[in-house]
Trainee: 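My questions all concern the structure below.
Atom set for the values below is all heavy atoms of this structure, side chains included, hydrogens, waters and symmetry mates excluded. Numbers restart at 1 for each chain; the letters A, B, ... are given by sequence-line order, proteins then strands.
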There are 2 protein chains.
Amino acid sequence: MSYQVTIKDIAKKLNISKSTVSRVLTGNPHVNENTRRLVLDMAKELDYQKNIFARNLVTHKSNTIGIIVPEFVTSFFPKVIIGAQTIAAKAGYNTIIAQCNENYETEVANFNVMLANQIEGLIVSVTKETRNFDHLKIFQRKEIPIVFFNRVCEDMDVPKVVVDDYDGAFRAVEHLIEIGKKRIAHLAGPDNLSISRRRLNGYLAALRKHNIPVDEEIIIPYDLRLDKVKIYMNYLLSLPNPPDALFAINDPTAIEALQVIKEKNLRIPEDMAVVGFSNDYTSALIDPSLTTISQPVQKIGETAAELLLQLINNEISKNSLLIKTLTTELIIRHSTVR
Amino acid sequence: MSYQVTIKDIAKKLNISKSTVSRVLTGNPHVNENTRRLVLDMAKELDYQKNIFARNLVTHKSNTIGIIVPEFVTSFFPKVIIGAQTIAAKAGYNTIIAQCNENYETEVANFNVMLANQIEGLIVSVTKETRNFDHLKIFQRKEIPIVFFNRVCEDMDVPKVVVDDYDGAFRAVEHLIEIGKKRIAHLAGPDNLSISRRRLNGYLAALRKHNIPVDEEIIIPYDLRLDKVKIYMNYLLSLPNPPDALFAINDPTAIEALQVIKEKNLRIPEDMAVVGFSNDYTSALIDPSLTTISQPVQKIGETAAELLLQLINNEISKNSLLIKTLTTELIIRHSTVR
DNA sequence: GCAACTTTTGGGAACGCTCCCATAATTGGG
DNA sequence: CCCAATTATGGGAGCGTTCCCAAAAGTTGC
């Protein structure tokens, strides 16, 4: 690496002490206006770049937060990151980002990267494989604040940002009932994710409210590996008493299901209506377009970052049970209404 | 932040010098096997975490590379990042990621973040607005290696990773000609992006090869703002002699065009065939599914990172004119063949 | 014209680490 | 059994900052 200009160089050039230079550069008011100008000009002239490692070493602050997400392929997590990064940057914080390919080992490795980088706080959504949370507890021991979003660990007493999955699912299913559906299947997520459970509960509540019997036979929790959807759909459609509607845990699942239904030449929504969850970019574009629940994606990231910064600055308690729930919106398209 | 365990703590506990501890932790071989074990065990027991700021300060190495991408919404750039990050991690490098929302000012700001973080190398794809490259030249002055990918600055003598846009476009257009199309429009990208020019050239070459006259009237360069596509398509379709096919600069453009064509109740591909470029996730799912050119996305990131690491280690020359060109693949779907 | 301030500057320790140089411990050959 | 060679350890400077404390310079009032 090429030679780095230091405050010492500036000091020497101006024949003053490095303390004074440092004072100028840190915005300390106890310095003459004239010398301030001189230092600033010289810094610019020499193309001075502050050495953050030296700074972080003495201040014991890294000015960095971390974000760990399970995947990067759907646009959901990248959009959350944009939201979080925007807020962090405004507060002068750097962000380091890691994605886990939905893999538990990678997640643990990423946590260690975060630890090594001495982040001051962490925003996390876990992989669908994650059942053990010890790697998270290290952060609690070290008193590094954490904020969960989306896929949260409910047992940990840290703030969380979620959308109202229960309510969203409830409205999705109620919508199906309102268009006249009587037998609504549910492709659910793995039950280690609380998000799956909350959506399932919303589904169940809507059925109960409208006195529709719950049939375990048409509620299928699965591991979100899309190649499985075809199997489950074939199963559902070949039942003696097949469902007339499907509520899918998320849009990719719903889209996959739509393909299967189309292949079988069933009419959508007459024979089979479908609702997804998350309003992915693709959902408006496919044919038929997908009715779904949209969530304020970027807002999730912003809220998580705001919360994290408050934790870092001790404006709220580290293990507060704070849960920020953002609202969802039902978007009706052609997979339920022609 | 809570108290941090240092090598001094380990040394004190074991009654040895911090030099010896440091030797163990850096893998220096001049240390007794027995003390090595003791130090390692104690480090684990105390939950020792190396302070990278101190380390970076003395070694003058940040062990970090940067990646700057124009956007995060389509899955293209996130996938490239996965590829690059995987390679970097294998070499023991951290990665810091920044996205620019296709905004030039944000890009410049992100470059400064990279500078402040003393990255050892940078992988970049510029925004569609970027016409001035001074912010990149600072890196050259500081001898920090850069690798471009996808959207490159052709005037800069740094290694680049691209796909064979010319060839891809050529084959896309030749495919349209082979299915019998005679008047092929092109929705092109802004001409400051070399990627647009290369695809345009491939388009022109295919027409020339098959003796199809070039008509400037149906070649429309635009700024990639999707809301404009509708206007251009309406224009094209209302020409006295409208085109019978469209080659779009990328998949989002093609998908948008498909919507307009469908709204007008034209038959696809009979009245109007469409080919895109990039094989986005959505392209296989829409109706009709989109014929497109696929690129080895993750491989692009991997190649860029490999190149960058070689530059950092001085295994290749910094301003070599090295251009790695990866091959593309034509994926035929229903937007051109029923 | 001097004490008592206030404002501005300088000196230097400290942050946690690496790495050079010197010293101590161990080994082995004659 | 001693000296040289080898191996293992310790001491301490230095990386570029920040920040405390003290010193210097400038200001004020009587």
Side-chain angles (χ1 to χ4, degrees), chain A residues 1-40 42-43 46-64 92 94 115-120 142, chain B residues 1-40 42-43 46-64 92 94 115-120 142:
Chain A
M1 207 169 274
S2 62
Y3 178 73
Q4 202 199 350
V5 178
T6 72
I7 53 169
K8 225 166 132 186
D9 296 318
I10 298 177
K12 206 176 292 170
K13 280 258 190 184
L14 294 174
N15 233 322
I16 57 178
S17 76
K18 68 187 168 63
S19 309
T20 303
V21 176
S22 172
R23 260 185 294 259
V24 173
L25 264 19
T26 52
N28 185 312
H30 297 281
V31 50
N32 185 285
E33 191 48 44
N34 192 34
T35 40
R36 152 168 276 117
R37 271 257 61 80
L38 286 171
V39 169
L40 256 24
M42 183 58 72
L46 297 182
D47 202 8
Y48 168 78
Q49 182 77 46
K50 173 177 304 197
N51 186 317
I52 55 160
F53 302 123
R55 183 184 156 284
N56 291 349
L57 178 57
V58 26
T59 59
H60 288 276
K61 277 201 44 139
S62 65
N63 248 277
T64 302
N94 287 139
L115 230 34
N117 282 79
Q118 323 242 6
I119 54 163
E120 294 182 36
K142 300 209 177 216
Chain B
M1 207 172 278
S2 62
Y3 180 73
Q4 201 197 350
V5 177
T6 72
I7 53 170
K8 224 167 136 187
D9 296 317
I10 299 179
K12 208 174 292 173
K13 279 259 187 185
L14 294 173
N15 232 326
I16 59 179
S17 77
K18 68 187 169 66
S19 310
T20 303
V21 177
S22 170
R23 260 185 294 259
V24 172
L25 264 18
T26 53
N28 186 313
H30 297 282
V31 52
N32 186 285
E33 191 49 42
N34 193 33
T35 39
R36 151 166 279 116
R37 273 257 60 81
L38 285 171
V39 169
L40 255 25
M42 184 58 73
L46 297 182
D47 202 8
Y48 169 78
Q49 181 77 46
K50 173 177 302 197
N51 184 316
I52 56 161
F53 301 125
R55 184 183 155 284
N56 292 349
L57 180 57
V58 26
T59 60
H60 287 278
K61 277 201 46 139
S62 65
N63 249 277
T64 302
N94 287 140
L115 230 35
N117 281 79
Q118 323 243 6
I119 56 164
E120 294 183 36
K142 299 208 178 217

Trainee: At 4.0 Å (heavy atoms only), tell me whether B/Lys50 reaches a base, stays on the sugar-phosphate, or touches nothing.
Mentor: sugar-phosphate

Trainee: Write down the atom of B/Gln118, the atom of A/Asn51, and the distance for their closest heavy-atom approach.
Mentor: NE2-CA, 3.4 Å

Trainee: Can you tell me the distance, in whole Å, between the NE2 atom of A/His60 and the C1' atom of D/dT17?
Mentor: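 Atom NE2 in A/His60 sits about 12 Å away from atom C1' in D/dT17.
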
Trainee: Under a 4.0 Å heavy-atom cut-off, which of residues 22-34 of chain A touch DNA chain C?
Mentor: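 When residues 22-34 of chain A is checked for heavy atoms under 4.0 Å from DNA chain C, the hits, listed by number, are A/Arg23, A/His30, A/Val31, A/Asn32.
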
Trainee: Rounded to whole Å, please give me the gap between CG in B/Asn51 and P in D/dC15.
Mentor: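 My rounded result for the distance is 18 Å.
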
Trainee: With a cut-off of less than 4.0 Å, is there a side-chain N or O of B/Ser17 near OP1 or OP2 of D/dG10?
Mentor: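 Yes, because at least one side-chain N or O of B/Ser17 sits under 4.0 Å from OP1 or OP2 of D/dG10.
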
Trainee: Can you tell me the distance, in whole Å, between the CZ atom of B/Phe53 and the C1' atom of C/dA14?
Mentor: 17 Å

Trainee: Side chains of A/Val39 and A/Arg23, heavy atoms from C-beta outward: is any pair under 4.5 Å?
Mentor: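 Sidechains of A/Arg23 and A/Val39: no contact.
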
Trainee: Round to the nearest Å and state the distance from B/Gln49 atom CD to C/dC17 atom P.
Mentor: 10 Å

Trainee: By nearest atom, which of the nucleotides D/dC15, D/dT18, D/dG16 is closest to the A/Thr59 side chain?
Mentor: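 Ranking D/dC15, D/dT18, D/dG16 by closest atom to the A/Thr59 side chain puts D/dT18 first.
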
Trainee: Are the side chain of A/Thr20 and the backbone N or O of A/Ile16 linked by a donor-acceptor pair below 3.5 Å?
Mentor: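 No.
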
Trainee: Can you check the B/Arg55 CZ to D/dG14 C1' distance for me, whole Å?
Mentor: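 Rounding to the nearest Å, CZ of B/Arg55 and C1' of D/dG14 are 17 Å apart.
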
Trainee: Please report the closest heavy-atom contact between A/Ser17 and A/Ala11, naming both atoms and the distance.
Mentor: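 Taking every non-hydrogen atom into account, C-CB, 3.8 Å.
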
Trainee: What integer distance in Å separates B/Lys18:NZ from C/dC20:P?
Mentor: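 About 14 Å, once rounded to whole Å.
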
Trainee: With a 4.5 Å limit on heavy-atom distance, are the side chains of A/Asn117 and A/Thr64 in contact?
Mentor: no

Trainee: For D/dT9, does OP1 or OP2 lie under 4.0 Å from any side-chain N or O of B/Ser19?
Mentor: no

Trainee: Do B/Asp47 and A/Lys142 come close enough that some side-chain heavy atom pair is under 4.5 Å?
Mentor: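 The answer is yes; the side chains approach within 4.5 Å.
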
Trainee: Using 0.5 Å steps for rounding, measure from the CD1 atom of B/Ile52 to the CG atom of B/Leu57.
Mentor: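 Rounded to the nearest 0.5 Å, the CD1-CG separation comes to 12.0 Å.
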
Trainee: Would you give the length of the straight line joining atom CD of A/Gln4 to atom OH of A/Tyr48, rounded to the nearest 0.5 angstrom?
Mentor: 7.5 Å

Trainee: So, is B/Thr35 close to the D/dT9 phosphate, meaning a side-chain N or O under 4.0 Å from OP1 or OP2?
Mentor: yes

Trainee: Show the nearest heavy-atom pair for residues B/Leu46 and B/Lys13, with the distance to one decimal.
Mentor: CD2-CE, 4.1 Å

Trainee: Hey, can you pull the residues of residues 8-16 of chain B with a non-hydrogen atom under 4.0 angstrom from DNA chain D?
Mentor: B/Asn15, B/Ile16

Trainee: Round to the nearest Å and state the distance from A/Asn56 atom CG to C/dC17 atom C1'.
Mentor: 14 Å

Trainee: Looking only at the side chain of A/Thr20 (C-beta and beyond, no hydrogens), which of the listed nucleotides C/dC17, D/dG16, C/dT9 gets closest?
Mentor: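 Per side-chain heavy atoms of A/Thr20, the pick is C/dT9.
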
Trainee: Given atom CG of B/Leu57 and atom C1' of D/dC15, what is their separation to the nearest angstrom?
Mentor: 4 Å

Trainee: Tell me whether the OP1 or OP2 atom of D/dT18 has a side-chain N or O from A/Lys61 closer than 4.0 Å.
Mentor: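 For D/dT18, OP1/OP2 do not have a side-chain N/O of A/Lys61 under 4.0 Å.
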
Trainee: Any side-chain heavy atom of A/Gln49 within less than 4.5 Å of one from B/Leu115?
Mentor: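 When only atoms from C-beta onward are counted, B/Leu115 and A/Gln49 do touch, with a gap below 4.5 Å.
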
